[in-house]
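Only a predicted model underlies this, so the values are computations on that prediction, with no experimental measurement involved. Throughout, protein chains are lettered first and strands after them, A, B, ... in sequence-line order, and every chain is numbered starting at 1.
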Amino acid sequence: MKFGIVVNEGPYQHQASDSAYLFAKAAIEKGHEVWRVFFYHDGVNNASKLTEPPQDDRHIVNRWTKLAEEHKVDLVVCVAAALRRGIKEDNLAQGFRISGLGQLVEAGIKCDRLVTFGD
Amino acid sequence: MSDAKKFMFVNRKAPYGTIYALESLEVVLITAAFDQDVSLAFLDDGVYQLKKGQQTKGIETKNFSPAYRALEDYDIEKLYVEKEAMDARGLSEDDFIVPVTVLSRAEMGKLMDEQDVVLSF
Amino acid sequence: MLHIINQSPLNTTTLDTCLSTATGGDILLIEDAVYAATKGNAAEAKLKSAMGKFKVHVLTPDLEARGLGDRMMDGVSAVDYGGFVELVSNNKNCQSWL
């Protein structure tokens with residue numbers, strides 16, 4: 001089955017990104033495809049390459065990058081939401097790309113299921 | 001339209017206190033370009049989004065409520081307000097900036113079941 | 001339909017709205033919503049009475065993280081993230097009650 005995931009909250013502040021990541025990982029382990037993860041609202045902050053958590057904490061941004069590299073997950077950051085919050089190509093972490101809201105609608109159309117994680 | 005999916009946007013949050021209502025509306029406007037079957041549901045504090053007469057000058061924030069009136073131009077005409085939520089807030093249909101269909105909770109639940117994609121912000 | 005809830009029933013009306021609006025199906029409690037599925041919490045009766053209409057699941061890792069792994073109320077099914085994925089794929093559609 002083809003899954004789409006929406007992440008509406010920033011890393012560390014809210015559990016949404018952790019839940020979304022663990023869901024995505026479990027879906028892949030079960031043989032499903034995670035076609036796209038769309039980051040919206042404060043969720044765009046998951047794509048900041050300036051993120052530096054303490055060493056004994058999980059690295060939420062790098063974890064997404066790794067998932068994208070290993071399983072060809074398309075990580076899309078909403079351009080309007082990103083620019084509002086100071087996320088640009090300059091500080092975009094590897095594996096993420098900035099694009100329009102149409103990418104979210106497209107995920108709704110093309111995926112068998114779209115699961116939202118937010119507040 | 002035959003292979004269009006049914007998209008429902010569920011709004012349960014009030015405007016201005018958080019950005020969800022505004023950014024939800026931005027998705028709705030984009031979805032209109034994809035020829036899908038779009039409906040908007042307003043539950044709980046989400047009904048406050050539609051309140052007429054919003055004056056945002058004093059909080060130095062853009063009043064985005066007129067955009068609900070523009071939805072019609074994008075062929076988005078299915079706006080549903082949950083009756084119980086409206087009543088609980090002392091509001092009536094006359095208070096809204098756009099014409100809406102008022103549904104009971106039970107009717108709203110049934111409508112949700114029929115959707116392919118439900119997005120809530 | 002799968003209804004995903006992530007907020008504590010003691011702090012927000014999200015669970016109430018879901019229970020009174022949705023027609024039935026599966027409910028999955030994640031994040032702070034797992035408190036709804038614990039013995040002796042004030043929302044216990046509410047969730048119990050909804051069990052005829054809904055099948056209620058709780059995400060175990062979230063329950064355990066909050067120190068309540070041994071307090072799950074009767075009639076709730078425990079799932080891990082794999083079970084979460086199955087609930088999503090087994091239902092025709094899903095909704096996160098944010």
Residue part contacting chain A, namely of C:Glu31, when any heavy atom lies under 4.5 Å: both
NZ (A:Lys110) with more than 12 external heavy atoms under 6.0 Å: no
Chain C-proximal positions within residues 112-119 of chain A [heavy-atom distance under 4.5 Å]: A:Arg113, A:Leu114, A:Val115, A:Thr116, A:Phe117, A:Gly118, A:Asp119
Contacting region of C:Leu59 [heavy-atom separation from chain A under 4.5 Å]: neither
Residues in residues 20-54 of chain A that sit under 4.5 Å from chain C, counting heavy atoms only: A:Leu22, A:Phe23, A:Ala26, A:Ala27, A:Lys30, A:His32
Interface residues of residues 59-92 of chain A facing chain C - heavy atom cut-off under 4.5 Å: none
Value rounded to 0.5 Å, distance of OG in A:Ser19 from CZ in C:Phe84: 7.0 Å
Residue-level contacts of residues 7-17 of chain A with chain C, using a heavy-atom cutoff under 4.5 Å: A:Asn8, A:His14, A:Gln15, A:Ala16
Pick from C:Leu2, C:Asn91, C:Asn93 with the largest number of heavy-atom pairs that fall under 4.5 Å of chain A: C:Asn91
